[in-house]
Engineer: 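I have a structure here, written as structure tokens, and I will follow up with some questions on it.
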Amino acid sequence: MILPSLLALPAAGGALLRGSWDLWAQSLLHTASAAGLSLWLSWRILIGYIPLPSRRSLLWTAALLALGAASTWTSLLHASALPDWRTFLNALWMFPAMAALSKDERRGIDQAVRAAAWVLMLLAFYQRMVLGDQNPSSSLVNPNVYAGAVLMLLPLALETGDRLLALGLLVSLFWTQSVGAWLGLFSSMLLSRSLRRTAWFWVGAAGALLCLGAIYDRLQSPEFLHRWNWWGAAFRMAWDKPLLGHGPGVFALIARAQKAHQDDIWLG
């Protein structure tokens, strides 16, 4: 049970600590994962058996590892990119490690993520009902990030038959007021083969149309114009370095530098 616990730690605990920018929160997960994986590998070497993933999985992981390392070390903000690079490594090793798990062990990881989903959902209810936060973000960075997490946790809640969790996630998703998240949810209902020729398909179609109307209504809002500036900054970064990029975790720093540079040109 060592390896399933190590995989459940970042999958479940990482979501609960994602909103904390403190060094201790990030270091706790990194240290526990690295130490635990080292102990597991040492134990496997001692017993003379190390399960290996498929060649395709190894090649895919190695390619991502090489590109991520090159992006980090060629970044102009190398020191700022390193912490997010370590987080990337903490997630990357999970993919080849999944090959060593049985179905029962994978089911245990799902239960750990499900427990984390309950904590996230109850925290959002606490923020809304007790603290009076109109747009709760749970333990994540902001309400939009929490809305994205809900979209990933909903299928697990439905697959395990936890309808109460699914209902709570939907209610808290409504509180986030994330039109993009609702559009993604309704679009997935449209694309799902199992929902075609059912009433849920038409619910998804109607919901997607409503979301598109809401998005159109917000085109001239300050919020949309603010996001448009962020999207423009992302496009300029991708155009500037299309292969390696500027390194993980430095988007906001470079975007602010670009804006300051444009302001200087406009004022000059």
Side-chain angles (χ1 to χ4, degrees), residues 8 10-21 25 87 91 109-196 198-228 230-231 234 251-252:
L16 299 178
L17 293 175
R18 183 64 185 91
S20 176
W21 295 100
T87 302
I109 296 176
D110 289 341
Q111 293 301 323
V113 176
R114 177 185 168 195
W118 267 101
V119 174
L120 290 172
M121 183 267 292
L122 291 176
L123 182 57
F125 269 77
Y126 175 79
Q127 292 171 347
R128 172 81 179 197
M129 300 297 187
V130 179
L131 301 182
D133 191 349
Q134 295 301 311
N135 307 112
S137 59
S138 190
S139 68
L140 301 178
V141 180
N142 56 54
N144 291 325
V145 176
Y146 175 66
V150 168
L151 292 184
M152 293 187 290
L153 295 171
L154 264 176
L156 178 61
L158 295 174
E159 183 181 357
T160 56
D162 196 340
R163 296 182 179 180
L164 185 58
L165 174 60
L167 178 61
L169 290 174
L170 286 174
V171 171
S172 59
L173 178 62
F174 176 77
W175 290 336
T176 64
Q177 299 182 6
S178 176
V179 179
W182 281 105
L183 179 60
L185 177 60
F186 289 129
S187 299
S188 66
M189 295 170 64
L190 285 174
L191 297 175
S192 175
R193 292 183 179 181
S194 61
L195 296 182
R196 291 180 183 177
T198 65
W200 288 110
F201 176 85
W202 297 108
V203 170
L209 287 176
L210 289 175
C211 289
L212 290 175
I215 291 175
Y216 178 78
D217 186 60
R218 293 185 179 185
L219 290 181
Q220 298 300 323
S221 66
E223 179 185 1
F224 179 82
L225 296 177
H226 177 71
R227 292 190 179 186
W228 184 261
W230 284 102
W231 295 336
F251 170 78

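Quick note: numbers below take in every heavy atom, side chains included, and nothing from hydrogens, waters or symmetry partners. Along the sequence shown, residues are numbered consecutively beginning with 1.
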Engineer: Pick out which of S137, S139, S172 makes a side-chain hydrogen bond (donor to acceptor under 3.5 Å, both in side chains) with Y146.
Structural biologist: S172
Engineer: Which heavy atom of M189 sits nearest to which heavy atom of G204, and what is that distance?
Structural biologist: CE-N, 3.9 Å
Engineer: Using the ring of each side chain (for Trp, its six-membered ring), is W182 parallel, tilted or perpendicular to F174, with breaks at 30° and 60°?
Structural biologist: perpendicular
Engineer: Between A166 and L154, what is the shortest heavy-atom contact and its length?
Structural biologist: O-CD2, 3.7 Å
Engineer: Given side chains that start at C-beta, do those of T160 and L165 come closer than 4.5 Å, heavy atoms only?
Structural biologist: no
Engineer: Which distance, rounded to the nearest 0.5 Å, do you find between the CG of L122 and the CD of Q127?
Structural biologist: 11.5 Å
Engineer: Atom CG of N135 and atom CH2 of W175: how far apart are they, to the nearest 0.5 Å?
Structural biologist: 11.0 Å
Engineer: For W228, is the CH2 atom crowded, meaning more than 12 foreign heavy atoms sit under 6.0 Å from it?
Structural biologist: no
Engineer: Heavy atoms, side chains only, cut-off 4.5 Å: are F125 and R128 in contact?
Structural biologist: no
Engineer: Looking at residues at least two apart in the chain, or sitting in another chain, which of them share a side chain to side chain donor-acceptor pair (under 3.5 Å) with T176?
Structural biologist: none
Engineer: Going from CZ on F201 to CZ on F186, what distance comes out if it is rounded to the nearest 0.5 angstrom?
Structural biologist: 13.5 Å
Engineer: For L190 and A208, work out which heavy atoms get closest and say how close.
Structural biologist: CD1-CB, 4.1 Å
Engineer: If every non-hydrogen atom of A157 is compared with every non-hydrogen atom of L169, which pair is closest and at what distance?
Structural biologist: CB-CD1, 4.5 Å
Engineer: Please, which pairs that meet salt bridge (Lys or Arg N to Asp or Glu O under 4.0 Å) have at least one residue in residues 162-186, sequence neighbours excluded?
Structural biologist: R114-D162
Engineer: Restricting to side-chain contact (heavy atoms from CB on, under 4.5 Å), what partner residues turn up for A12, sequence neighbours left out?
Structural biologist: A112, A116
Engineer: Nearest heavy-atom pair of A181 and A147: which atoms, and what distance?
Structural biologist: CB-CB, 3.7 Å
Engineer: Can you name the nearest heavy-atom pair linking L123 to S138, along with the distance?
Structural biologist: CD2-C, 3.6 Å
